[in-house]
Structures are given as C-alpha cells and as structure tokens.
Amino acid sequence: MPPPPLHAAASLPYQCSVLLRQLAARHSHVPASPCSFLRALRRLHARLLTGALLHNPSHPHLTLRLLHLYTLSPDLATPAILFRSDPSPIAATSLVSAYAVAGRLPDAASFFDSVPLPRRDTVLHNAMISAFARASLAAPAVSVFRSLLCSDSLRPDDYSFTGLLSAVGHMHNLAASHCTQLHGAVLKLGAGAVLSVSNALIALYMKCDAPEVTRDARKVLDEMPVKDELSWTTIVVGYVRKGDVHAARSAFEEVDAEFDVVWNAMISGYVQSGMCAEAFELFRRMVSKRIPPDEFTFTSVLSACANAGFFLHGKSVHGQFIRLQPDFVPEAALPVNNALVTLYSKSGKISVAARIFDSMTLKDVVSWNTILSGYIESGCLDNAARLFKEMPYKSELSWMVMVSGYVHGGLAEDALKLFNQMRSEDVKPCDYTYAGAIAACGELGALRHGKQLHAHIVRCGFEASNSAGNALLTMYGKCGAVKDARLVFLVMPNVDSVSWNAMIAALGQHGHGREALDLFDQMVAEGIDPDRISFLTILAACNHAGLVDEGFQYFESMKRDFGIRPGEDHYARMIDLLGRAGRIGEAMDLIKTMPFEPTPAIWEAILSGCRINGDTELGAYAADQLFEMIPQHDGTYILLSNTYSAAGRWVDAARVRKLMRDRGVKKEPGCSWIEVGNKIHVFLVGDTKHPEAHEVYRFLEMVGAKMRKLGYIPDTKFVLQDMAPHQKEYVLFAHSEKLAVSFGLLKLPLGATVTVLKNLRICGDCHTAMMFMSLAVGREIVVRDVKRFHHFKDGECSCGNYW
DNA sequence: ATAGGGTTAG
C-alpha cells in the first residue's frame, strides 16, 4: 500500500511526522520484511537529520517516534545511540514503553538497567512496571516497584500502584491474602481514592481463584465515590471470569449511564460462557436502543452467531456492519472481518468466506489462520496447502492447523513431513501441534517415531497437557504399546473422558478385554459420565474378548442409566458382536427394535455374522437389502458379489460385478508387510491391475534398499504375492477390521483374537494384524500397515523417519 | 512519557 501523497505545502516536520506514523501503523498490522522496514526507517532518519529536526526542542515528538520505530526494527544498536545523544528521562520512558509494545521485553529491561540511577524518575519506573505487567511477569514488576519505594528521592504515584496491581494479577497462585495485603498497602499509602487504582483493585480481586474475594471486589466498587465505565466493565468481566454470568448480568443492569464498553463486556461474557442466544439478544436490545455498535460489539456477536450456528442472524449482523462500514478505519474493521470469515466458513460457505478474505484491505495473522482453518474444515486440503505456502507470515497456530488438518484429512505422512519442516525452520511446536504429529504416528503405526515425540514432549514441559497426553494414549493404543499407554494414563494429571476412552480402547483392542471393562466401571465410579464414544469403545472391547452378554448389558445400560440413545454405530457393533457369537437370530430381533430403518452398516454387520456361521440364506437376504443402498458404502460391491456367490446366486453376483465395472470401481492398491524373525513378507493388496500398482513395486524396492542401507534388517527379502490367488482380478483390501471379517478372510471363532493378540505388536490398523493371525499364532511378530503409499513417490522417500 | 477493561484463528 503506497502512502497517500502529502500536500506539497506541508512543512517538513509535519511531513516527517505523518510518514513516521504511517510506517508505525503499517508495521504493527502487516509486519514488513525486516530489510525493507529498516531501509524505510533509515531513509526517514536521514531526512530528519538533514532537516535538523532530531533533538530539536520544538519537535520533541519526532525523536520519540523515531526511537519507537527503531524498537520495531531488527536494529538493536541505533536506539541506544540515539538515546545517548538525548538522555532525557522522557526519551528513556518512551523507549522502554516502545520496546514493551514491540514485545521486546528483554531489551526494555536491559535498557532500563543501563539508565544511571540519578536519571531514573518515577515515570520511567512506571513504564517499566507496566511493561512487566503486560508481559504477565509479576515478580520483576514488584521488584521495580520496591526499588521505587526504597528510593530516597522518588515516591510511587497512582500509575505505579495501578501498574503494580495489574502485574500482581498475573501471579500464578494468587491467594486472597495477597489481595487483601496489597489493598491495605494501597490504603495506607493514600492511593485508595484514585479511580484507576480502584479499578485495578477490582480486577485483582476478580483474578484470584478464591471464591470469597468476589465480595471484596464488590465492596471496592460500592465504596467508590466516582465510578467510570471501566469500573463497571471490570466487575462484569470479573463475574464472567468467576463463572457467574447472572451476577455479571445484574451488575450490568445496575449501570445507569449506558457505556458502550459495558455492553461489549456483557455480550462477550455471554459468548465466553457459551450463552450465544443471550449474547445475540443483548445485541438486539442494544440496536433497538440506538446505541451504536463498535468493532468489539460486531466481533463478539458475530462469533456468537458462528459458535451457535445462527447463520441467518449472522448474515443480518453482516448487513448492519456493511451499512456502518464507512465509519470504521481498516484497523478497526480487521477483527470484524476476521469474525465474518469464521462465520461463513463455519456455515459451510467457504467461497463467501474467501471472497470476504480477498476483499480485506488489511490482513493480519489471524485473518490468514482463519481462512486456512476454514479451508481445512471444509475439506479443501489442496487449497489450504497452497494458502499455507503463500502466507506472508505464519504463527505457530498456522503450523498447528495445517499439521492436524493433514492428519484429519488422512494424510498422516504429509503431517509428519510438515512437522519436521517446522522444526527445521526453528518454529517451536505447542502441545496441540505435538498432538497432531503424534496422531499421525498412530495412523502410520510409527511407534518408534511416536516415542521420540513423547520424549520431546517431556523435554518441552508439555507432559501435563491433556491434548498431548490424549494423543499419546491413542497412538500407543493404535500401535499396540499397551504398557506405554498405561504409563501415560497414570502420569497424566487431569484425565478427561477422552483419556478414559483411549485407555479403554487400548486395552480392549489388545487382548485385555476384562481389564477394559473394569476400567470402564472405574471411570463411572469416579463420576465421569461415559459418552457415546465410550460405549462404542466398550462394545468393541467386548467384541474382541468375546464377552457377548456383558456387551449386551452395557448396550442396555447406555440408554437406561446414562440417557444416551444408541446410534446406528452402536447397533451395528452390537449386531456384529451377536453375529460373531453365532446368535444371528437375536441380532435380527435387535434390528426390529431399532427406532430407525436399518442402514448399510447394520446389514454389513448381519452379513458378517452370516459369513462366519455359514448362513447363506439370511446372508443373501441382507445382501439384497444392501444392494438397494449401494453405492453408499465403501466395500459393499465386493462384499455383495461374494455373498451372492456363496449363496449360489451367480446371476446376482455377475450383476454386481458388472455394476462395479460400469462404475469404474477399483480398489486403490496398497501394501502390508509382516516381519517374522529377520524376514519380511510383503503383500500387495488391492487391484493388481490398477494403473498405480507398479508404483507399489517401486516403492517396495525403495523401502527395501533403504532398510538394508540402515542395517535395519540384515537379510531383507521381499516376497510379493497376491493375497487371494484364486481371485485373479481383485484381491482383498479391507479398510477396517469389520470388513476384513465380513469378507470372510477370517473365519475365526469368537474370542480367538485374545490369545493371539497377546503375542502381537500391532502397528496401524487392526485388520492387518487380523489378516495375518492365522499365520502367526504363538509367534512374536510385528505387523505394519502402510496406507496411501503414493505419498512416498520418487526420491522423497523420507519414510526412514517413520519407523 | 507511564495506568485499569472489552475482540478474532484451534
């Protein structure tokens, strides 16, 4: 954005002043590249020097502004040099606060220390105190305040107290006694009647976790002779923070003068408490009272609409904003536009969101991150990836969104690749990003890599993070490392329902069915309500362990004791469980009690039961039902044709095959390998005539070469073979354990999995392990499953990282 | 020249 032309007749000081202000404003919203910024700054600096405007008593603000800009630049030396030529306390104060605004607290502190004691005045101390307060550093702020107290010539003033109180509010274990002590000290030193000090005192009391201090805060407010809008705002915000929205509302109703900020505080309080309808209602009242909404109002109410799914309301707010938009400078419109982008992405209108994003004259990191996650939430991973590359600046959050976007989009390899790139660019991942990378390891069955990440997490101090802990639990569970999962579960300081579910799943999937059930009961005993996922998990555990009656009890207790209506997936699992136990009749009875029409998943479960028990007649009936529903479900085609063949209904089987050919249904090829001793057997699964099949072979050779090079397996031999030689055209590729069973690959009696799984370390999907079970009973084997091999194309095979 | 509160991305 080129700066607007200046009036030719404008004086040089005025011109410079405008230029300086423009440079600062632009930099704070769109950080330019360090080089170009510094160049522009030096040009201005030279101009000030030639005009003899620097250190000129008639234009003191020019020097200060220049100092301010230098604190934004990567040039650390110049501000100090400039200061040496004008060592006034005013310049020092300006420099300290500029450093603080620029987020360069260490520079502010070391500069403050370098100012000789006689040159420090109260205002300079105050600036330093508030700099620490802004950075949430209570202790150093207190020590600056103390040096002010101990000084012979200086005395703390109102600003000092205000800053001190705000700094102490950031203390971690702020006790009620701290607050009352400080309150006493403030009164003793005669600052009790100052408006800003009282406001800060209210905020301090409200930041303390002890419930009883709320009264003290209220007392301060009540005793104030004069209150301003901030007093009311602070108390409203405080009540919200304490989780007492009703108290916030009644304080809000007490205000006689209708300050805009109090409305904003109340609206955003509702949003933070998840009461979006109330937030919107309040906004409506505000509009009807003709109180003009500002950018904060719009931002809050739009986010309320986005959170609650009030898309029509949101649209009307958008309309009102458009009418008032000329009143907003770009800086003010920015957060509103960001909230609009969020609203439209959440309502599934990503193209509208993108249009708003493109039309924004001013964008910040939040804007880029918002549109990025909008693309990811609407499944446009390609667009997201392109955007990610184009982003002029990224925050840690951008990386996090992209990494977890890849994982949820099923591109675990890309997630890990990006995670590695992130670290090579020296961006420090937060716990959520680690969680994404760990989830990717779980998807890939990359246990070793996952363990490395676990070590990183401990080193970075994220051990107490719930998201990281839950990701670790899930990953260890998927990789069959039950011991590690147990350890994580024990160490986690706050386990939530996700953690319990993940731990139960880990036990249930790996042959500890009984223990899984015990853990479920323990969870209930500890007062954590199981959710629908918990019941899916426990039914799966029962399935693995062959505990049919127990499974049925949990299924019953789900609606009876916990008021959770079983969904399609719960029914499907229960039917699968009954079917595998040979109780197919009971499964059919259960279907009749369902409150909805049977879905493809239900019929697939019946079908799988029929295959295990050799009930071709009922199987064909289920196949007829499924036939009506294809192609809603993946895998249905092959399943159907096999079932019809088994029932001797060759004509129907041929019809299904023809349908498959007509629709061009092909199974994506993939490969699995099994490692027994030092020998690896690799199986190609999927359509061997698929155009990409030769890529699989190439990939396997590459992996083999790489593994030999790493000395991982001394004598690696690849045996490529069809999984099902009697089926020339299509070989089996199951996407899930359930399908593997329904394909008839595993005619296992119920419960057989337990004994086998004890000796099995499983990486990746369970189905692969199950496929090989009959081969590997009683032996220590490692099974890994590689999906979506084509992301390892050509020379980029970085998979060495993944095992 | 310094202070107190309110906003958006997961």
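Just so it is clear: chains get the letters A, B, ... in the order the sequence lines come, proteins before strands, and each one is counted from 1.
Look at CH2 on W399(A): it is 17 Å from C1' on dA9(B), rounded to the nearest Å. Rounded to whole angstrom, the span from the CZ atom of R134(A) across to the P atom of dG5(B) amounts to 11 Å. Counting to the nearest Å, the C1' atom of dA9(B) and the CG atom of L340(A) are 14 Å from each other. The CG atom of N307(A) sits 13 Å away from the P atom of dT7(B) (whole-angstrom rounding). Taking atom CG on L343(A) and atom C1' on dT7(B), their separation rounds to 15 Å, with Å as the unit. For the pair F132(A) CZ and dA3(B) C1', the computed distance is 17 Å after rounding to whole Å. Rounded to whole angstrom, the span from the CG atom of L95(A) across to the P atom of dA1(B) amounts to 14 Å. Going from atom CG of L302(A) over to atom P of dG6(B) covers 20 Å, rounded to whole Å.
When each of dT8(B), dT2(B), dA9(B) is scored by its nearest atom to the side-chain atoms of N338(A), the top-ranked nucleotide is dT8(B). Of all nucleotides listed (dA3(B), dG10(B), dG6(B)), dG10(B) comes nearest to the side chain of K346(A). Of all nucleotides listed (dG10(B), dG4(B), dT8(B)), dT8(B) comes nearest to the side chain of V366(A). Closest to the side chain of S395(A), out of dA9(B), dG4(B), dG10(B), is dA9(B). Counting only heavy atoms from C-beta on, D228(A) has its side chain closest to dG4(B) among dG10(B), dG4(B), dT8(B). The side chain of A127(A) approaches dT2(B) more closely than any other nucleotide in the set dT7(B), dT8(B), dT2(B). Closest to the P335(A) side chain, of the nucleotides dT7(B), dG4(B), dA9(B), is dT7(B). Here dT7(B) is the nucleotide among dT7(B), dT2(B), dG10(B) with the atom lying nearest to any side-chain atom of S268(A). Checking dG10(B), dT7(B), dG5(B) against the side-chain heavy atoms of V237(A) singles out dG5(B) as nearest. Taking only side-chain atoms of S130(A), from C-beta outward, the nucleotide of dG5(B), dA3(B), dA9(B) with the closest atom is dA3(B).
For R241(A) and dG5(B), the shortest distance from a side-chain N or O to OP1 or OP2 is not below 4.0 Å. For K207(A) and dG5(B), the shortest distance from a side-chain N or O to OP1 or OP2 is below 4.0 Å.
Nucleic acid contact class of L195(A) (heavy atoms, under 4.0 Å, all strands): base. Using a 4.0 Å heavy-atom distance criterion, D121(A) is classed as a base contact. When heavy atoms are screened at a 4.0 angstrom cut-off, Q272(A) is found touching the sugar-phosphate backbone but no base atom.
Between the base of dG6(B) and the side chain of D294(A) there is a donor-acceptor pair shorter than 3.5 Å. One cannot find a donor-acceptor pair under 3.5 Å joining the base of dA9(B) and the side-chain atoms of T370(A). Side-chain atoms of S94(A) and base atoms of dA1(B) include no donor and acceptor less than 3.5 Å apart. With hydrogens and angles ignored, no donor-acceptor pair closer than 3.5 Å exists between the side chain of N369(A) and the base of dG10(B).
Looking at E377(A) and S345(A), their side chains never bring a donor and an acceptor atom within 3.5 Å of each other. A donor-acceptor pair shorter than 3.5 Å can be found between the side chains of D364(A) and S367(A). A donor-acceptor contact closer than 3.5 angstrom is absent between the side chains of T234(A) and N199(A). Counting only N and O atoms by type, the side chains of N369(A) and S395(A) include a donor and acceptor under 3.5 Å apart.
Evaluation of the ring-ring contact (aromatic ring centres under 6.0 Å, His included) rule for Y406(A) yields no partner, not counting sequence neighbours.
To the nearest 0.5 angstrom, R120(A) atom CZ is 11.5 Å from T93(A) atom OG1.
dT7(B) has no base stacking with the ring of F296(A) when judged by centroids under 5.5 angstrom apart and an interplanar angle below 30°.
Contact record, L334(A) with K363(A): CD1-CA, 3.8 Å, taken as the closest heavy-atom pair.
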